[in-house]
Asks: 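Next up is a structure, given as structure tokens.
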Amino acid sequence: MSSVQFPFNLTLESEAFQSLHGVNTIIRRLSDMIPCFADQQAVKQILAEDDPILYEFWEIEQEGSAGELSFGLTRIHAGKIGKEYHMTKGHFHVTDGDEIYVVVSGHGLLLLQTREGETRSLEMVPGGICYVPGGWAHRTVNTGNDNLLFLSIWPPNIEHDYETVAKHGFPIRVMEGADGPIVTDNDQS
Ligand code: PAN
Ligand code: ZN
């Protein structure tokens with residue numbers, strides 16, 4: 001149970017979320033995400049010198065009544081590992097629960113997959129929203145030159161399943177092409 005005092009208002013800025021009482025702060029560095037990237041040579045080269053932060057998120061997870069809402073702000077730093085853009089780990093929601101993403105700033109792609117292997121990629125643009133139906137794993141990719149910042153809102157009591165994505169990967173990847181980002185098949189999944 002979070003210790004945020006309700007009701008409240010705040011701005012869609014990392015500083016505002018960081019200072020929320022009871023906020024959970026998660027920082028993911030390259031060393032936390034080694035198997036996610038296709039170019040393992042590039043991973044090794046970067047880690048030999050540095051362990052960059054790929055993304056951070058600040059969340060309030062609600063575990064009380066069914067009417068509550070959990071929410072968080074994610075900031076994915078711009079950049080690539082080899083030719084593959086920075087992205088989140090990605091997860092399924094164990095108990096069915098939909099989610100809404102609202103893009104504050106930056107550009108990206110939201111990758112989705114079902115447990116049966118169906119995939120989608122949705123564009124993320126400033127002011128845009130994406131709806132993630134329960135049952136679809138979701139991973140966010142920053143394809144722009146600036147931070148990708150987005151708000152996410154999901155139901156309470158949702159367990160996040162990272163293991164399935166970590167084990168099998170995503171069937172699609174987002175790589176830098178000659179004319180911008182390209183969604184390609186992941187031949188390692
Ligand atoms: C989001 C994600 C957040 C970070 O709040 O948790 O963007 O991504 P990973 O959790 O995959 O590391 C969300 O989808 N919550 O359910
Ligand atoms: Zn989620």
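Basis for what follows: all heavy atoms, side chains included, without hydrogens, waters or symmetry-related copies. Every value quoted in this text rests on a predicted model; they were computed, and no experiment measured them. Whatever order the structure lists them in is the order used to number ligands and atoms, beginning at 1.
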Asks: For a side chain to side chain contact (heavy atoms under 4.5 Å, CB included) check, start with the C-alpha distance between W136 and L110, then their side-chain angles and the critical distance, and finish with the verdict.
Replies: CA-CA 11 Å; W136 290 76; L110 177 60; over 6 Å; no

Asks: On the 0 to 90° scale, with breaks at 30° and 60°, tag the F8-F6 ring pair as parallel, tilted or perpendicular.
Replies: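 Ring orientation of F8 relative to F6: tilted.
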
Asks: Give a yes-or-no answer on whether the side chains of Q188 and R173 include a donor-acceptor pair shorter than 3.5 Å.
Replies: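 A donor-acceptor contact under 3.5 Å links the two side chains.
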
Asks: As an exercise, state the distance from CG of L122 to OH of Y131, rounded to the nearest 0.5 Å.
Replies: 13.0 Å

Asks: Show me the pairs that pass side chain to side chain donor-acceptor pair (under 3.5 Å) and involve residues 143-153, at least two apart or across chains.
Replies: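 Sorted result for residues 143-153: empty, none.
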
Asks: Tell me who clusters with V94, hydrophobic residues only, linked when side chains sit under 4.5 Å apart either directly or through other members.
Replies: none

Asks: Calculate, to the nearest 0.5 Å, the distance between atoms CG and NZ belonging to L54 and K80 respectively.
Replies: 13.5 Å

Asks: In terms of hydrophobic clusters joined by side-chain contacts under 4.5 Å, are L112 and I100 together?
Replies: no

Asks: Relative to the Zn ion (ligand 2), how many protein N, O or S atoms have a separation of less than 2.8 Å?
Replies: 4

Asks: Just how far is it from atom CD1 of I27 to atom OG1 of T25, taken to the nearest 0.5 Å?
Replies: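 The CD1 atom of I27 sits 7.0 Å away from the OG1 atom of T25.
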
Asks: I'd like the residue list for ligand 1, meaning every protein residue with a non-hydrogen atom under 4.0 Å from the ligand.
Replies: R28, Y55, F57, T74, T88, K89, G90, H91, H93, E99, Y101, H138, F150, S152, W154, H160, Y162

